[in-house]
Amino acid sequence: MTYSLDDTIAAIATAPGEAGIGIVRLSGRETLPLLQQMFRPAAPAWEARSHQMSYGFLVDEAGERLDEVMVVWFQAPRSYTCEDVVEIHAHGGSVAVRQALALSLRAGARLAEPGEMTLRAFLNGRLDLAQAEAVLDVVRARTERGMQAAMEQLGGTLSQEIREARAALLAVLAHLTATIDFPEDDVPPQNILPDLLPVQALLECLLQNADRGILLREGLRVAIVGLPNVGKSSLLNRLLRHERAIVTEIPGTTRDVLEESLNLRGIPIVLADTAGIRQTQDRVEALGVERSHATLEQANLVLFVLDSSEPLRPEDHTLAAALAGRPVIVVENKQDVAVEEPGEPLPLLPEAPHVPISAMTGLGIDELEEQMWQMVMGGGATGGDTALITNPRHKQAIQQAIQHIAAAIEGAQQGLPADFLTIDLHAAVNALGEITGENATEDLLDAIFSRFCIGK
Ligand SMILES: Nc1nc2c(ncn2[C@@H]2O[C@H](COP(=O)(O)OP(=O)(O)O)[C@@H](O)[C@H]2O)c(=O)[nH]1
Ligand SMILES: [Mg+2]
């Protein structure tokens, strides 16, 4: 990725395909002159005014009309990138938008790299790194809750807390450095613990909600497993609220893993229905069973389905043994025809929650969803007083900062000299700076912005 801010860059900002409008965005110093080359306003006495839409035509070098457009100029620094930005609102559809882009490039713009617009917003100081990452999270959000979390991060809630923590550490560092540099000045030896402990507590608090936050952003893989014919596919259909999977009374109907997305109270979930696990001579089914095992391995949460209208089989016990110790909910299906009186859970995986349901009638499905939610969110509320960490990168940086602060605290308690403590505190400051971007390396920036789409 180039880091030069000299070029004027251009990219298609809207998704490809037929649509009402399609937008080409330009950013950089030459944006306005470029626009004046390409745009013929309909109003004779037209003048470019910032943040106002103008109607007219895109014309090529020969003055031929290419498209009827609306254009907006955002005068620097009041724009997405903090530079002069122009948006050309052309007709949707690939030809109109490509034409507008090609014309911009011939006029002297360079094609933007993925994420380069947002990178410029970052380099120009309009967004910090955590906010820039939130832009991508907003675009990619799969549920409203995930979107909400991303919008908070974009608004700077997390950045603010990280910056305050970092500033507190820097103040301690400044003091320690003074005691090292000017010992003769008699800077009073200060107990740094009262300054460090609140920072540590804040970071611990952020960390505590991180796993839930990351789930909101990345989603959860849930696998439905069990023996053939227990009602796994019926359960998938119930949870999805439509007939996605084929259900028959013939054991071995599902032979491949079926994956579908589901929004469970704001958590994006990929729900996988699997082939019933059993020994089989059928080659296709055997391959399906193999895939069931692979899906099971990757799952964050397992719904282990049992048929409560029949006695447990040895294979149920084998599968239960394989699931022990993992996050699993035992789903006791076919309650509408259950052989035993309801109340006693089936004697399998006693430490896991058991939920009686009927995939056929819908009985117990709400309770099952509630249980899934509880398992994932651990009963704790998201958000609260501190910002929600939604990004594994941020979580890791916070963990590092906590470790370094802990080391500094320990050192201070052992009475180590100030220059030892400053090493740990510097490392903690740098770790936090990686979140907001003060200490981001080019490699890190590349890794982050290359995941963006072109035009963002
Ligand atoms: N009575 C009753 N039958 C069910 C229930 N759930 C599934 N079935 C039936 O059990 C058979 C197998 O269902 P299916 O979903 O294909 O099971 P899978 O092999 O585990 O995917 C079908 O005949 C379903 O109609 C239930 O809750 N009650
Ligand atoms: Mg099935």
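Indexing begins at 1, ligand by ligand and atom by atom, following the structure's order.
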(request) State whether Glu116 and Arg110 are salt-bridged, where the test is any N-O pair (Lys NZ or Arg NE/NH1/NH2 against Asp/Glu carboxylate O) under 4.0 Å. (result) yes

(request) List the steps and the verdict of side chain to side chain donor-acceptor pair (under 3.5 Å) for Gln335 and Ser358. (result) CA-CA 5 Å; Gln335 287 296 314; Ser358 166; over 6 Å; no

(message) Strictly below 4.0 Å, N to O, side chains only: are Glu369 and Arg265 in salt-bridge contact?
(response) no

(message) Within this structure, what is the CG-CG distance for the pair Asn237 and Asp273, rounded to the nearest 0.5 Å?
(response) 8.0 Å

(request) Using a cut-off of strictly less than 2.8 Å, determine whether Thr254 has an N/O/S atom near the Mg ion (ligand 2). (result) yes

(message) So that I can check it, does any N, O or S atom in Ser233 come closer than 2.8 Å to the Mg ion (ligand 2)?
(response) yes

(message) Counting non-hydrogen protein atoms only, what is the nearest one to atom 6 (N) of ligand 1? Give residue, atom name and distance.
(response) Asn333 ND2, 3.1 Å

(message) Taking the basic N atoms (NZ, or NE/NH1/NH2) and the acidic carboxylate oxygens, is any pair closer than 4.0 Å for Arg255 and Asp282?
(response) yes

(request) Using a 4.0 Å heavy-atom cut-off, say whether Asn229 meets ligand 1 through its side chain, its backbone, both or neither. (result) both

(message) Strictly distance-based, threshold 3.5 Å: is any side-chain N or O of Asn124 a donor or acceptor partner for the main-chain N or O of Ala121?
(response) no

(message) What verdict does the salt bridge (Lys or Arg N to Asp or Glu O under 4.0 Å) test give for Arg278 and Glu285, after you've listed the backbone C-alpha separation in whole Å, the side-chain angles of each residue and the deciding distance to 0.1 Å?
(response) CA-CA 9 Å; Arg278 66 166 171 183; Glu285 194 189 348; 2.7 Å; yes

(request) Give yes or no for whether the N/O distance cutoff of 3.5 Å, strictly under, is met between Ile357 and ligand 1. (result) no

(request) Indicate yes or no: does an N/O atom of Pro228 lie under 3.5 Å from an N/O atom of ligand 1? (result) no

(request) Assess Arg25 against Phe74: is NZ or CZ under 6.0 Å from the centre of the six-membered ring, and within 45 degrees of the ring's axis? (result) no

(request) Output yes when the distance from some N or O of ligand 1 to some N or O of Thr253 is under 3.5 Å, and no in every other case. (result) no

(message) Residue-level breakdown please: for Thr361 versus ligand 1, do any non-hydrogen atoms fall below 4.0 Å on the side chain, on the backbone, on both, or on neither?
(response) neither

(request) Output the list of atoms in ligand 1 that are nearer than 4.0 Å to some heavy atom of Thr248, sorted by atom number. (result) 11 (C), 12 (C), 13 (O), 16 (O), 22 (C), 23 (O)

(request) Distance to 0.1 Å, residue and atom name: give those for the protein heavy atom nearest to atom 3 (N) of ligand 1. (result) Met360 CE, 3.5 Å

(message) Which of the numbered atoms in ligand 1 are under 4.0 angstrom from any heavy atom belonging to Lys232?
(response) 15 (O), 17 (O), 18 (P), 19 (O), 20 (O), 21 (O)

(request) Give the numbers and elements of all ligand 1 atoms closer than 4.0 Å to a heavy atom of Ser233. (result) 15 (O), 18 (P), 21 (O)

(request) Considering the heavy atoms of Val337, write down every atom of ligand 1 situated less than 4.0 Å from one of them. (result) 1 (N)

(request) Please lay out, stage by stage, how Thr390 and Gln153 fare under the test side chain to side chain donor-acceptor pair (under 3.5 Å). (result) CA-CA 9 Å; Thr390 57; Gln153 189 175 317; 3.2 Å; yes

(request) Provide the number and element of each atom of ligand 1 under 4.0 Å from a heavy atom of Gly231. (result) 7 (C), 13 (O), 14 (P), 15 (O), 17 (O), 18 (P), 20 (O)

(message) Check whether Tyr80 forms a cation-pi arrangement with Lys456 (NZ or CZ under 6.0 Å from the six-membered ring centre, at most 45° off the ring normal).
(response) yes

(message) Could you work out, for atom 9 (C) of ligand 1, the closest of Lys334, Glu249, Arg238 by heavy-atom distance?
(response) Lys334

(request) Hey, could you give me the CD/CG distance between Glu438 and Leu129, rounded to the nearest 0.5 Å? (result) 9.0 Å

(request) Looking only at protein heavy atoms, identify the closest one to atom 25 (O) of ligand 1 and say how far it is in Å. (result) Val247 CG1, 3.8 Å

(request) Run the contact test for Asp336 against ligand 1 with a 4.0 Å cut-off on heavy atoms, strictly below, and give the result. (result) yes

(request) Have a look at ligand 1 and work out which part of Val230, if any, has a heavy atom under 4.0 Å from it: side chain, backbone, both or neither. (result) both

(request) May I ask you to check if ligand 1 and Gln335 share an N or O to N or O distance below 3.5 Å? (result) no

(message) I'd like to know if Arg393 pairs up with Glu133 as an ion pair, taking the criterion as any Lys NZ or Arg NE/NH1/NH2 lying under 4.0 Å from an Asp or Glu carboxylate oxygen.
(response) yes

(message) Under 4.0 Å from a heavy atom of Ser234: which atoms of ligand 1 are those, numbered in the order shown and with their elements?
(response) 6 (N), 7 (C), 13 (O), 14 (P), 15 (O)

